[in-house]
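Residue numbering restarts at 1 for every chain, and letters A, B, ... go by the order of the sequence lines. All heavy atoms count here, side chains included; hydrogens, waters and symmetry mates do not.
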Amino acid sequence: MTDSLENWRRTHYSNEVKKELKGEKVLLMGWIHEMRDLGGIIFVLLRDRDGIIQITVPSKKVSPELFEEIKKLKKEAVIAVKGDVQESPKAPNGVEIIPEEIKLLNESELPLPLDTTGNTHAEIDTRLDSRFLDLRKFDVSAIFKIKSRIFHSIRKFLNERGYIEINTPKLVASATEGGTELFPITYFEREAFLGQSPQLYKQMMMASGFDKVFEIAPIFRAEEHDTLRHLNEATSIDLETAFTDHEDSMKILEELIHRAIQDVADECKEELETLGVDLKVPEIPFPRVDYDEVVEIVNSKGVLMRYGEDLSRAAEKVMGEVMDGYYFITGWPTAIKPFYVMPGFENPEKSCAFDLMYRDLEISSGAMRIHSYDLLVQQMKEKGLNPASFERYLQAFKYGMPPHSGWGVGAERLTMSVIGAKNIRETVLFPRDRRRLTP
RNA sequence: GCCUUGGUGGUGUAGGGGCUAUCAUGCAGGCCUGUCGAGCCUGCGACUCGGGUUCAAAUCCCGGCCAAGGCGCCA
């Protein structure tokens with residue numbers, strides 16, 4: 001038998017109940033984290049989003065009916081409690097609630113699929129199967145509070161800089177961009193695909209005169225990768241700016257990362273402490289390493305890397321050991337970058353593309369883009385793509401496309417770099433990977 | 001997709017041809033008025049699936065499924 005909510009509403013979160021409130025009545029709502037029944041006195045640990053507070057139930061201070069009602073409560077049941085705040089040096093955090101009235105709002109089945117107190121270790125697979133329970137643990141929810149703060153900080157920063165937040169379609173017709181595999185879907189009587197990147201759309205927006213745009217949205221990649229740093233559905237923070245080159249784009253990127261981490265350091269102290277993370281705000285500008293230097297460094301450490309190759313995993317690891325923190329790799333060969341990347345003005349073999357790395361992890365890649373219609377078509381042909389299938393995109397380059405540059409940041413990888421996560425799945429509520437499609 | 005390792009109560013594990021299958025946590029019941037990883041007593045609960053070898057398979061072999069880690073792939 002459960003009670004109805006009626007006119008009961010929460011007055012405080014558990015972490016708002018401080019000594020200064022002693023003697024006051026409060027109404028708290030949450031889950032039963034633990035029950036410690038000592039016979040004549042019961043301690044109920046009530047957990048809500050922001051913390052845990054002790055409800056102390058001495059048999060001599062509450063009615064026998066209430067005492068019996070509380071005695072019967074079980075782990076993870078949802079309750080509401082009205083009571084008095086009492087200061088007590090014996091209570092955790094020095095405060096506890098002496099209950100006056102209680103509502104059992106819902107029960108929980110037992111045993112639980114995983115231990116919400118975190119005393120018994122559970123593997124990631126088990127945790128993700130029951131993710132909502134996993135998220136009841138503070139060391140898990142802290143990650144998402146931090147991720148939320150990162151997004152908030154980025155939106156605030158870009159608004160201050162005059163950027164317009166846009167939304168581009170995730171249902172797309174073309175599979176002809178080349179490169180990554182796309183997820184095919186049925187679009188009425190036609191075939192369509194899930195978008196791998198807003199790249200072409202945000203470039204088209206440069207021809208709209210919006211000048212500065214960004215988008216935070218999912219991207220889908222149908223690669224069969226099965227690693228700790230890949231997802232098949234990820235969140236991309238994409239930005240594009242007209243009348244700028246790649247140097248401008250690197251500058252705003254490092255400023256944005258700096259600001260986001262500063263904000264996390266300032267606003268998420270508790271979460272960082274819960275995670276045991278000693279967050280250092282990186283200094284800007286970030287170091288720039290030319291691709292040519294990368295090849296030298298990697299080879300000097302005994303890992304073979306030929307000029308003109310992308311970084312192998314082993315090469316990334318070498319760079320991760322040599323470079324601490326965030327750094328850019330610049331001067332990429334035009335040959336291994338996408339068709340829309342601007343070749344260098346002095347040496348067209350070297351492009352205006354850059355990657356932002358955090359140790360051995362690629363966080364972002366960006367570039368100055370080609371704004372000349374003829375050059376773009378030429379680059380497409382050189383990469384083996386058919387310009388005809390890009391008609392709607394190419395059209396935007398015919399009627400006054402300004403020079404522009406931009407980048408895309410993997411939000412989950414950025415979060416990993418901030419909290420020091422080893423598995424990207426830790427940074428997504430419900431990850432989609434090679435095997436997992438539920439929950 | 002490839003390589004390696006693994007799959008034992010709800011969770012996390014020990015064991016590794018014949019065991020009553022180990023331990024912790026959990027769950028159920030009981031005792032206990034200051035717990036905070038509460039404590040104590042009693043009980044409950046498991047060998048991934050299919051085939052093979054063998055007198056005998058949770059254990060060895062083959063295959064499937066699932067997972068962990070690594071790599072490849074990732075304009």
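At the heavy-atom level, A/Ile42 lies nowhere under 4.0 Å from the strands shown. Looking at heavy-atom distances under 4.0 Å, A/Pro92 makes contact with a base. At a threshold of 4.0 angstrom between heavy atoms, the contacts of A/Leu38 include nucleobase atoms, whether or not backbone atoms are also involved.
Distance, A/Leu231 CG to B/rC74 P: 17 Å, rounded to whole Å. Taking atom CG of residue A/Leu133 and atom P of nucleotide B/rG12, one finds them 13 Å apart after rounding to whole Å. When rounded to the nearest whole Å, the span between OH of A/Tyr393 and P of B/rA75 equals 15 Å. At whole-Å resolution of the value, CG in A/Asp115 and C1' in B/rG37 are 10 Å apart. In this structure, CE of A/Met35 is placed 17 Å from C1' of B/rG37, rounded to the nearest angstrom.
For A/Ala122, taking side-chain heavy atoms from C-beta onward, the closest of the listed nucleotides B/rG34, B/rC32, B/rU11 is B/rU11. Taking every side-chain heavy atom of A/Ile41 into account, B/rU33 is the closest of B/rG37, B/rC73, B/rU33. In the set B/rC71, B/rC74, B/rG34, B/rG34 carries the atom at the smallest distance from any side-chain atom of A/Phe43. When distances run from any side-chain atom of A/His121 to the nucleotides B/rG12, B/rC32, B/rA28, the shortest one goes to B/rG12. Of all nucleotides listed (B/rA75, B/rC27, B/rG34), B/rC27 comes nearest to the side chain of A/Lys75. Nearest to the side-chain atoms of A/Leu110 among the listed nucleotides B/rU35, B/rA28, B/rG26 stands B/rA28. Checking B/rA75, B/rC74, B/rC36 against every side-chain atom of A/Pro338, the shortest atom distance belongs to B/rA75. Among the nucleotides B/rG12, B/rG34, B/rA75, the one closest to any side-chain atom of A/Gln199 is B/rA75. Side-chain atoms of A/Asp226 lie closest to B/rG1 of the nucleotides B/rG1, B/rA28, B/rG34.
In RNA chain B, runs of at least 3 stacked Watson-Crick or G-U pairs (N1-N3 plus N6-O4 or O6-N4, or N1-O2 plus O6-N3, all under 3.5 Å) give these stems: B:1-7 with B:65-71, B:10-12 with B:23-25, B:26-31 with B:39-44, B:48-52 with B:60-64.
The list of salt bridge (charged side-chain N to carboxylate O under 4.0 Å, His left out) pairs with a residue in residues 90-99 of chain A, not counting sequence neighbours, is empty. Every pair passing salt bridge (charged side-chain N to carboxylate O under 4.0 Å, His left out) that includes a residue from residues 192-204 of chain A is listed here, sequence neighbours excluded: A/Lys202-A/Asp238, A/Lys202-A/Glu240. Among residues at least two apart or in separate chains, ring-ring contact (aromatic ring centres under 6.0 Å, His included) pairs with a member in residues 290-319 of chain A are A/Tyr291-A/Tyr307, A/Tyr291-A/Trp332. Applying the ring-ring contact (aromatic ring centres under 6.0 Å, His included) test to every pair with at least one member in residues 221-248 of chain A, sequence neighbours left out, gives these pairs: A/His225-A/His230.
Here A/Asp125 does not pair with A/Arg425 in a salt bridge; the nearest charged N to carboxylate O distance is not below 4.0 Å. A salt bridge does not link A/Glu101 to A/Lys25: none of the charged nitrogens lies less than 4.0 Å from a carboxylate oxygen.
Judged as a salt bridge (charged side-chain N to carboxylate O under 4.0 Å, His left out), and not counting sequence neighbours, the contacts of A/Glu215 are A/Lys170. Under the rule for a ring-ring contact (aromatic ring centres under 6.0 Å, His included), A/Phe214 has no partner lying at least two apart in sequence or in another chain. Take A/Tyr163 and apply the ring-ring contact (aromatic ring centres under 6.0 Å, His included) test, not counting sequence neighbours, and it matches no residue. Residues meeting the ring-ring contact (aromatic ring centres under 6.0 Å, His included) test with A/Phe67, sequence neighbours left out: none.
The only member of A/Asp355, A/Ile252, A/Thr241 that meets side-chain contact (heavy atoms from CB on, under 4.5 Å) when paired with A/Trp407 is A/Ile252. When A/Val44, A/Leu28, A/Ile32 are each tested for a side-chain contact (heavy atoms from CB on, under 4.5 Å) with A/Ile55, only one passes: A/Val44.
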Short N/O separations, protein against nucleotides 42-45 of chain B, under 3.5 angstrom:
none

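The P atoms of B/rG10 and B/rC32 are separated by 33 Å, rounded to the nearest whole Å. The C1' atoms of B/rG9 and B/rC44 are separated by 10 Å, rounded to the nearest whole Å. When the C1' atom is compared between B/rC2 and B/rG12, the two are found 30 Å apart, to the nearest whole Å. When the C1' atom is used for both B/rG52 and B/rU59, the distance is 15 Å, rounded to whole Å. Comparing the P positions of B/rU35 and B/rC40 gives a spacing of 15 Å, expressed to the nearest Å. Comparing the C1' positions of B/rA21 and B/rC47 gives an interatomic distance of 8 Å, to the nearest angstrom. For the C1' atoms, the distance from B/rU25 to B/rG39 is 15 Å, rounded to whole Å. The separation of B/rG64 from B/rA56, taken at their P atoms, amounts to 26 Å, rounded to a whole angstrom.
Side-chain N/O atoms of A/Lys74 include one lying less than 4.0 angstrom from OP1 or OP2 on B/rA28.
Summary of the strand contacts: A/Glu96 and A/Leu228 both lie near RNA chain B, and taking for each the nucleotide with the nearest heavy atom, the more 5' one is attributed to A/Glu96. Checking A/Arg221 against A/Asn119, the closest nucleotide of RNA chain B that is more toward the 5' end is the one next to A/Asn119.
Taking every heavy atom of residues 306-336 of chain A and every atom of RNA chain B, pairs under 4.0 Å involve A/Ser312, A/Arg313, A/Lys317, by number. Contact check of residues 431-439 of chain A against RNA chain B (heavy atom, cut-off under 4.0 Å) returns A/Arg434, A/Arg435.
A heavy-atom distance below 4.5 Å is not found between the side chains of A/Leu104 and A/Lys72.
The line from CD of A/Glu69 to NZ of A/Lys103 is 10.0 Å long, rounded to the nearest 0.5 Å.
If you check distances only, the side chain of A/His230 does reach the base of B/rC74 with a donor-acceptor pair under 3.5 Å. You'll find a donor-acceptor pair under 3.5 Å spanning the side chain of A/Ser59 and the base of B/rU33, going by distance alone. Residue side chain A/Glu123 does not reach the base of B/rU11 through any donor-acceptor N/O pair under 3.5 Å, judged by distance alone. Interface remark: the A/Glu34 side chain does not form any donor-acceptor pair with the B/rG37 base, using a distance-only criterion of under 3.5 Å. You'll find a donor-acceptor pair under 3.5 Å spanning the side chain of A/Ser197 and the base of B/rA75, going by distance alone.
By the 30° and 60° cut-offs, the orientation of the rings of A/Phe339 relative to A/Tyr393 is perpendicular.
For the pair A/Arg131 and A/Phe430, the cation does not sit on the ring face, since its NZ or CZ is not both under 6.0 Å from the ring centre and inside 45° of the axis.
The two atoms that bring A/Leu253 and A/Ser364 nearest to each other are CD2-OG, 3.5 Å, heavy atoms only.
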